[in-house]
Amino acid sequence: MDGAGISRRGFIGQARDTAVVALAAAGAAGSVLAQTGGGAGGSVVARGRPMPDGVSLPSSPLRPKRQDSVGYAVVGLGDYALNQMMPRFSRSERSHIAALVSGNPEKLRRVGDAYGVPADARYSYEHYERIAADTRIDAVYIVLPSGLHAEYAVRAFAAGKHVLCEKPMALNSADCERMIAAGERANRRLMIAYRVHFEPHNMEAMALMRRQAAGNIRFVRTEQLSRTDPKSRPAENWRIDRALAGGGPLEDFGIYGLQAALYLTGEMPEAITATTFQPRNDPRFAQVFASVASHLRFPSGAIAQLMTSYDSDGSNIAHVRGDTGALIMDPATGYEGHKMRLEGRESRDFSLGDPTVQFARQLDNFSDAVRDNATIRTPGAMGLRDVRLIEAIYAAAGTGSVVRLSPDGRMRR
Ligand code: NDP
């Protein structure tokens with residue numbers, strides 16, 4: 001980090017991690033940090049929230065399919081847990097919901113009844129430690145706001161449980177390292193829930209790019225854009241709170257564009273430049289960025305342009321341009337409705353089946369890791385790598401200069 005970052009480090013006093021410094025250097029949330037004196041995750045607490053919109057609970061309890069099915073405690077009953085992941089446990093071969101952790105007792109009761117989770121396997125955040133004695137729970141699935149991931153993962157490891165954690169792994173690399181160390185100490189597995197690694201179009205895209213179906217990659221362009229509206233969508237409230245969401249859109253869905261740039265090129269970037277935008281007088285962006293754009297240069301010469309925003313018309317694309325063709329994914333990384341086209345020597349549209357298998361296959365991979373020590377496709381090391389790159393993007397934006405990286409994503413000093 002350059003001199004600007006270091007002087008900010010002094011300014012914010014107790015800042016414990018590079019992300020805090022990078023965010024402060026980038027200008028966003030820097031003043032907020034100074035006011036609160038908090039580091040990422042420092043002053044946040046888990047709190048129950050109302051039932052999200054659109055939840056349809058199962059009409060009959062789900063039963064494990066196999067004797068060796070892995071029992072999960074779902075931690076945080078929010079929009080993604082209730083509307084996407086929990087209904088997909090029934091499609092996993094070897095995973096079942098064994099327990100729930102929530103700060104909303106009424107929701108705990110309704111969801112517990114619907115999913116057939118026994119009353120004595122429903123926990124509050126205050127009683128989270130009690131999962132240690134519950135032998136029905138093999139693993140926890142952490143679906144809390146991102147600033148709470150590290151704390152609840154470390155405490156789950158201390159309770160002897162395996163951890164499947166939502167993305168982003170944490171809001172700074174020091175917390176990611178803490179999570180990995182806690183898992184190693186407890187001899188338990190850790191996976192980051194990057195579902196796209198189990199989605200048929202994205203898996204085929206990785207294979208196509210590995211066999212150079214568009215030739216040598218010259219450019220990758222990704223857009224993960226939406227217009228945030230916390231007033232009408234309650235799940236977006238914590239997403240504009242720096243302590244829970246970091247810099248905002250990049251950690252939330254921009255991370256999928258970053259991931260795509262890495263798994264499509266098959267490389268780690270060696271240099272990054274970036275720009276952030278945080279409008280004045282818009283309460284949505286008092287603490288987080290509205291937009292983040294970055295350029296990543298890879299050792300092969302490929303260049304990726306990543307754009308992510310909470311204040312734009314929606315888009316979710318990944319485009320690759322090689323020296324003999326192109327791959328166009330639009331939409332690229334959503335829950336369903338993927339479209340993918342290869343142009344060039346072998347032009348074709350791909351129709352690769354139901355993208356929603358990604359949720360259950362992700363669970364299967366982790367359950368196989370827990371039971372049979374299978375290799376985890378998206379381990380903690382991958383989550384750490386991505387958070388280091390996010391820190392580098394903020395550092396580049398904050399200093400206005402090129403940040404150079406080691407092959408493991410660490411910033412070169
Ligand atoms: P929601 O706001 O809908 O749900 C979060 C839940 O966390 C709440 O309902 C609440 O559950 C619990 N919670 C505990 N403390 C707090 C707090 N201080 N503020 C708000 N909620 C709190 O968020 P999402 O479900 O959309 O996101 C949760 C996680 O899932 C995030 O890490 C996000 O990045 C990730 N995610 C991943 C996606 C993917 O594609 N892989 C897609 C969407 C989200 P309760 O009331 O039960 O206590």
Side-chain angles (χ1 to χ4, degrees), residues 165-169 176 190-224 250-272 294-308 315-322 325-336 338-342 350 352-353 355 357-359 361-362 365-366 369 374-390 392-393 405-409:
C165 179
E166 263 311 326
K167 44 56 51 181
M169 180 173 178
C176 297
L190 169 61
M191 175 170 175
I192 308 309
Y194 287 127
R195 55 180 168 68
V196 286
H197 289 256
F198 302 87
E199 191 286 310
H201 297 80
N202 281 275
M203 288 167 68
E204 179 66 18
M206 293 174 205
L208 287 167
M209 295 301 96
R210 264 198 307 273
R211 64 180 174 81
Q212 297 196 307
N216 297 299
I217 295 177
R218 299 298 185 228
F219 295 102
V220 177
R221 185 161 65 86
T222 67
E223 293 177 6
Q224 275 65 42
L250 179 58
E251 285 88 337
D252 189 11
F253 47 42
I255 198 168
Y256 278 122
L258 173 63
Q259 276 253 319
L262 303 193
Y263 59 67
L264 293 171
T265 60
E267 294 187 87
M268 277 293 283
E270 59 180 12
I272 294 182
S294 51
H295 279 99
L296 281 53
R297 194 189 69 225
F298 294 89
S300 66
I303 294 171
Q305 181 184 35
L306 318 182
M307 285 178 280
T308 186
S315 169
N316 174 5
I317 64 164
H319 288 186
V320 179
R321 181 69 56 181
L327 182 74
I328 294 156
M329 304 172 75
D330 182 4
T333 63
Y335 301 153
E336 56 193 323
H338 295 62
K339 290 204 175 83
M340 188 163 96
R341 177 169 174 74
L342 185 65
F350 290 82
L352 296 166
V357 296
Q358 60 187 318
F359 303 100
R361 287 193 184 157
Q362 167 182 271
N365 181 212
F366 194 56
T375 302
I376 294 175
R377 219 177 274 175
T378 56
M382 182 184 278
L384 167 62
R385 174 202 73 182
D386 296 347
V387 171
R388 280 188 183 142
L389 292 176
I390 288 172
I393 288 171
L405 300 167
S406 309
D408 64 359

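Basis for what follows: all heavy atoms, side chains included, without hydrogens, waters or symmetry-related copies. Please read all numbers here as calculations on a predicted model, not as lab measurements. The residues of the chain are indexed from 1 along the displayed sequence.
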With side-chain contact (heavy atoms from CB on, under 4.5 Å) as the test, would you mind laying out the steps for Leu258 and Leu296 before giving the verdict?
-> CA-CA 9 Å; Leu258 173 63; Leu296 281 53; 3.8 Å; yes
Could you walk me through whether Glu267 and Ser300 pass side-chain hydrogen bond (donor to acceptor under 3.5 Å, both in side chains), step by step?
-> CA-CA 8 Å; Glu267 294 187 87; Ser300 66; 2.5 Å; yes
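Residues Val220 and Phe298 fail the side-chain proximity criterion, which asks for heavy atoms closer than 4.5 Å. Put simply, the side chain of His338 reaches to within 4.5 Å of the side chain of Asn202, judged on heavy atoms. Side-chain contact between Leu250 and Ile393: present, with at least one pair of heavy atoms (C-beta onward) separated by less than 4.5 Å. Inter-residue side-chain proximity for His201 and Pro355 is flagged as met; some heavy-atom pair is nearer than 4.5 Å. For the pair Leu262/Leu389, a side-chain contact is recorded, criterion being any heavy-atom separation below 4.5 Å from C-beta on. Side-chain contact between Phe198 and Val357 is absent, with no heavy-atom pair separated by less than 4.5 Å.
Every residue two or more places apart in sequence or in another chain that forms a ring-ring contact (aromatic ring centres under 6.0 Å, His included) with Phe253 is listed here: Tyr310. Here Phe359 pairs with Tyr335 under the ring-ring contact (aromatic ring centres under 6.0 Å, His included) rule; sequence neighbours left out. Residues passing the salt bridge (charged side-chain N to carboxylate O under 4.0 Å, His left out) test with Glu223 are Arg221, sequence neighbours excluded. With sequence neighbours left out, Asn216 forms a side chain to side chain donor-acceptor pair (under 3.5 Å) with Gln212, Asp323. Evaluation of the side-chain contact (heavy atoms from CB on, under 4.5 Å) rule for Ala205 yields Leu264, Leu327, Met329, Met340 as partners, not counting sequence neighbours. Residues meeting the salt bridge (charged side-chain N to carboxylate O under 4.0 Å, His left out) test with Arg297, sequence neighbours left out: Glu270. Shown here are the side chain to side chain donor-acceptor pair (under 3.5 Å) partners of Thr222, two or more places apart in sequence or in another chain: there are none. With sequence neighbours excluded, the residues forming a side-chain contact (heavy atoms from CB on, under 4.5 Å) with His197 are Tyr194, Met206, Gln259, Tyr263, Arg377, Thr378, Met382, listed by chain and number. A search for side chain to side chain donor-acceptor pair (under 3.5 Å) contacts involving His295 returns nothing, not counting sequence neighbours. Every residue two or more places apart in sequence or in another chain that forms a side chain to side chain donor-acceptor pair (under 3.5 Å) with Gln358 is listed here: Arg195.
A pairwise comparison of heavy atoms in Arg388 and Gly409 identifies CB-O, 3.6 Å as the closest pair. Between Ile317 and Ala332, the shortest heavy-atom distance links the atoms C-CB, 3.8 Å. Among all heavy-atom pairs drawn from Leu342 and Ala213, the shortest one is CD2-CB, 3.8 Å. Residues Gln224 and Gly257 share a closest heavy-atom pair of OE1-CA, 3.1 Å. Contact between Ala214 and Ala326 at its shortest, heavy atoms only, is CB-N, 3.8 Å. In plain terms, the two heavy atoms of Pro379 and Ile192 that are nearest each other are O-CG1, 3.8 Å.
Within the 3.5 Å criterion, the main-chain N or O of Tyr256 finds no donor-acceptor partner in the side chain of Thr333. Checking side-chain atoms of Lys167 against main-chain N and O of Asp252 turns up a donor-acceptor pair under 3.5 Å.
Applying the 6.0 Å contact sphere to CZ of Arg385 captures more than 12 heavy atoms from other residues, nucleotides or ligands.
Residue pairs meeting the salt bridge (charged side-chain N to carboxylate O under 4.0 Å, His left out) criterion with at least one member in residues 202-212, sequence neighbours excluded: Arg211-Glu346.
For the side chain to side chain contact (heavy atoms under 4.5 Å, CB included) test with Phe219, the passing option among His319, Gln305, Arg321 is Arg321; the others fail.
At a cut-off of 3.5 Å, with distance as the only test, no side-chain donor of Gln362 or Asn365 sits close to an acceptor on the other residue.
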